[in-house]
Amino acid sequence: MPTILATGGAGYIGSHTCVELLNENFDVIILDNFHNSVPEVLSRIECITGKKIKFYNCDVRNKENLKKIFSENKIDAVIHFAGLKSVGESCKIPLDYFDNNVSGTINLCNVMKEFNVKNLVFSSSATVYGRNPIPYKEDMPTGDVSNPYGRTKYIVEEILKDLYASDNDWSIALLRYFNPIGAHESGLIGEEPNGIPNNLMPYISKVAIGKLEKLTVFGGDYDTKDGTCIRDYIHVVDLAKGHTKALDKILSSSGIQIYNLGTGKGYSVLEIIKAFEDSTGQKVNYSIGPRRAGDLAANYSDSQKALKELGWKTQYDINKMCKDTWNWQQKNPNGYK
Ligand code: NAD
Ligand code: WQD
């Protein structure tokens, strides 16, 4: 079976994807600098899968360390999760975001090229669509983004398109994730944000467990069914499975492929709160507050392309997403600590 290097494989999406890769019998090597994750994740992945993983503590910006990994292993493909991901933080320290996300990717691709490894899956984001009409489709124009984080994703997409144009031996998938939530149903791995969460679902579960007092719903006056914003929430395990399908595709062809990974359905913030309450029996204390700068009223995916070309579709509904979030939260009230 092919050997896959997962950069940022100890993170939220990376850890769930490594579980699915191991379940599909891929050999997995994880590289991470633990900027936003902890070593405990690795033993949890091994515990779920009953398989060993090879790990390197390495920063993707460190060329010498990357070369060592590529010279010690025969790598068939790379999934590049490693990066910084907070929209708010990216407005405060944009240079760190460009350095990590853009320079890190260039460094990785240079080393891949040197070792003739030209199969790459890149973690992109629905944020590259900006203000397009919904549902978002892969062939829509991109780049109208409102923050440095989103710009790093757009720039890396453009760099990878140029890379393929320069050398058609590359086989690259740009996966545009929508809003991943939930956790592995074992409750052993999940999302543990540092400090106060920026994202909706981790915030809700911290309110439910009593670590935060109240959720503020950012805006109740949008032009949507109930006045709150609409997003395409996707179970992280469904998202993870999309990566194994994308790998199958890029390992059997060359080209640059772009896929939305979303459910194709939108839920409002109030619907998410209700779904969480209904599926867990927990009350979520909330009030409606002002809008958050930069939020769009509604977005969701057209997920037909991934269905047609990868044979991938989501399995888990919103109730399962909420239940698994709560299971993870209850079993790990202090995260991995
Ligand atoms: P995460 O922070 O949980 O995981 C990222 C991992 O990369 C962490 O383990 C971190 O320690 C590591 N990392 C960061 N910089 C590194 C570096 N320079 N060298 C080595 N390791 C490094 O984030 P996530 O939610 O799992 O996201 C994974 C990828 O998916 C990111 O690129 C993110 O931008 C993208 N993405 C995430 C979302 C989301 O909502 N979570 C949505 C769209 C796209
Ligand atoms: C969802 C909805 C908020 C918190 C972000 C990034 C995007 C991608 C996914 C990486 C919105 C509302 C939230 C709160 C709230 N990440 N909300 N109260 O903004 O859709 O997407 O994460 O690529 O790039 O921008 O996700 O979870 O922050 O918000 O009312 O305390 O919940 O206004 O409508 P978002 P989110």
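Remember, it's 1-based here, ligands and their atoms both numbered in the order they're listed. We number each residue from 1, following the sequence as shown.
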> For atom 19 (N) of ligand 1, which protein heavy atom lies nearest, and how many Å away is it?
Replying inline: Val60 N, 3.0 Å
> Looking at Leu239, Thr49, Asp238, Thr244, which hits side-chain contact (heavy atoms from CB on, under 4.5 Å) with Glu20?
Replying inline: Thr244
> Which residue, Asn57, Val78, Thr7, forms the side-chain contact (heavy atoms from CB on, under 4.5 Å) with Leu31?
Replying inline: Thr7
> ligand 1 and Asp59, any nitrogen or oxygen pair closer than 3.5 angstrom?
Replying inline: yes
> What is the nearest protein non-hydrogen atom to atom 30 (O) of ligand 1, stated with its residue, atom name and distance?
Replying inline: Tyr177 CE1, 3.3 Å
>> Consider side-chain hydrogen bond (donor to acceptor under 3.5 Å, both in side chains). Of Asn260, Asn179, Asp232, which one does Ser301 pass it with?
In response: Asp232
> Which atoms of ligand 1 sit under 4.0 Å from any heavy atom of Ser124?
Replying inline: 43 (C), 44 (C)
>> Show me which atoms of ligand 1 lie under 4.0 Å from any heavy atom of Phe34.
In response: 11 (O)
>> Looking at Glu185 and Lys323, is any side-chain nitrogen of the basic one under 4.0 Å from a carboxylate oxygen of the acidic one?
In response: no
>> What I want to find out is whether Arg61 reaches Asp59 closely enough, with some N-O distance under 4.0 Å, to be called a salt bridge.
In response: yes
> Hey, does His35 come in under 3.5 Å of ligand 1, counting only N/O atoms on both sides?
Replying inline: yes
> Considering only heavy atoms, which protein residues lie less than 4.0 Å from any atom of ligand 2?
Replying inline: Val87, Ser125, Thr127, Tyr149, Asn179, Asn198, Asn199, Leu200, Tyr203, Leu215, Thr216, Val217, Phe218, Cys229, Arg231, Tyr233, Val269, Arg292, Asp295
> Looking at Tyr129, does the NZ or CZ of Arg176 lie under 6.0 angstrom from its six-membered ring centre and within 45 degrees of the ring axis?
Replying inline: yes
> When you measure from atom 27 (O) of ligand 1 to every protein heavy atom, which one gives the shortest distance, and what is it?
Replying inline: Ile13 CD1, 3.7 Å
>> Heavy-atom distances under 4.0 Å decide this one: backbone, side chain, both or neither, for Asn36 against ligand 1?
In response: both
> Quick one: OG1 on Thr263 to CD on Gln315, what's the gap to the nearest 0.5 Å?
Replying inline: 13.5 Å
> What part of Ala126 sits under 4.0 Å from ligand 1 if we count only heavy atoms: the side chain, the backbone, both or neither?
Replying inline: neither
>> For Ser205 versus Gln329, what's the shortest heavy-atom pair and its separation?
In response: OG-OE1, 3.0 Å
>> Can you report which non-hydrogen protein atom sits closest to atom 3 (O) of ligand 1, along with the distance?
In response: Tyr12 N, 2.9 Å
>> Out of all atoms in ligand 1, which are within 4.0 Å of some heavy atom of Pro180? Include the element for each.
In response: 39 (C), 40 (O), 41 (N)
>> Give me the atom names and distance for the closest heavy-atom approach of Ser186 to Ile48.
In response: OG-CD1, 3.6 Å
> About how many Å separate CE of Met321 and CG of Asp317, when rounded to the nearest 0.5 Å?
Replying inline: 6.5 Å
> Any luck finding a side-chain donor-acceptor pair between Tyr336 and Glu192 under 3.5 Å?
Replying inline: no
> Can you list the ligand 1 atoms lying under 4.0 Å from a non-hydrogen atom of Asn100?
Replying inline: 15 (N), 16 (C), 17 (C), 18 (N)
> Quick one: do the Asn101 and Arg151 side chains pair a donor with an acceptor below 3.5 Å?
Replying inline: no
> Which ligand 1 atoms, with their elements, are less than 4.0 angstrom from a heavy-atom of Ser37?
Replying inline: 8 (C), 9 (O), 11 (O)
> What is the closest protein heavy atom to atom 25 (O) of ligand 1, and at what distance does it sit?
Replying inline: Lys85 NZ, 2.8 Å
> Which atoms from ligand 1 have a heavy atom of Ala10 less than 4.0 Å away?
Replying inline: 9 (O)
> Going by the order shown, which atoms of ligand 1 are within less than 4.0 Å of some heavy atom of Tyr149?
Replying inline: 33 (C), 34 (O), 35 (C), 36 (N), 44 (C)
Please set out all donor-acceptor pairs under 3.5 angstrom arising from side-chain atoms of residues 64-71, sequence neighbours excluded.
| unit_1 | atom_1 | unit_2 | atom_2 | d |
| --- | --- | --- | --- | --- |
| Lys68 | NZ | Glu72 | OE2 | 3.1 |
| Ser71 | OG | Lys67 | O | 3.0 |
| Ser71 | OG | Lys68 | O | 3.0 |

> In the protein, which heavy atom is nearest to atom 11 (O) of ligand 1, and how far is it?
Replying inline: Asp32 OD1, 2.7 Å
>> List ligand 1 atoms under 4.0 Å from Cys58, heavy atoms only on the residue side.
In response: 19 (N), 20 (C)
> At under 4.0 Å between heavy atoms, which part of Lys153 makes contact with ligand 1: side chain, backbone, both or neither?
Replying inline: side chain
> Less than 4.0 Å between a side-chain N and a carboxylate O, is that true for Glu24 and Lys241?
Replying inline: no
>> Using a 6.0 Å distance limit plus a 45 degree cone around the ring axis, check whether Arg291 lies over the aromatic ring of Tyr222.
In response: yes
>> Would you say the rings of Tyr12 and Trp328 are close, in the sense that their centroids are separated by under 6.0 Å?
In response: no
>> I want to confirm something. Looking only at heavy atoms, which of Gly8, Gly9, Ser103 is nearest to atom 6 (C) of ligand 1?
In response: Gly8
>> Using a 6.0 Å cut-off, check whether atom OH of Tyr56 has over 12 heavy atoms from anything other than its own residue.
In response: yes
> Which residue owns the protein heavy atom closest to atom 28 (C) of ligand 1, what's the atom, and how far is it?
Replying inline: Phe81 O, 3.6 Å
> Looking at atom 13 (N) of ligand 1, what's its closest protein heavy atom, distance included?
Replying inline: Asn33 OD1, 3.4 Å
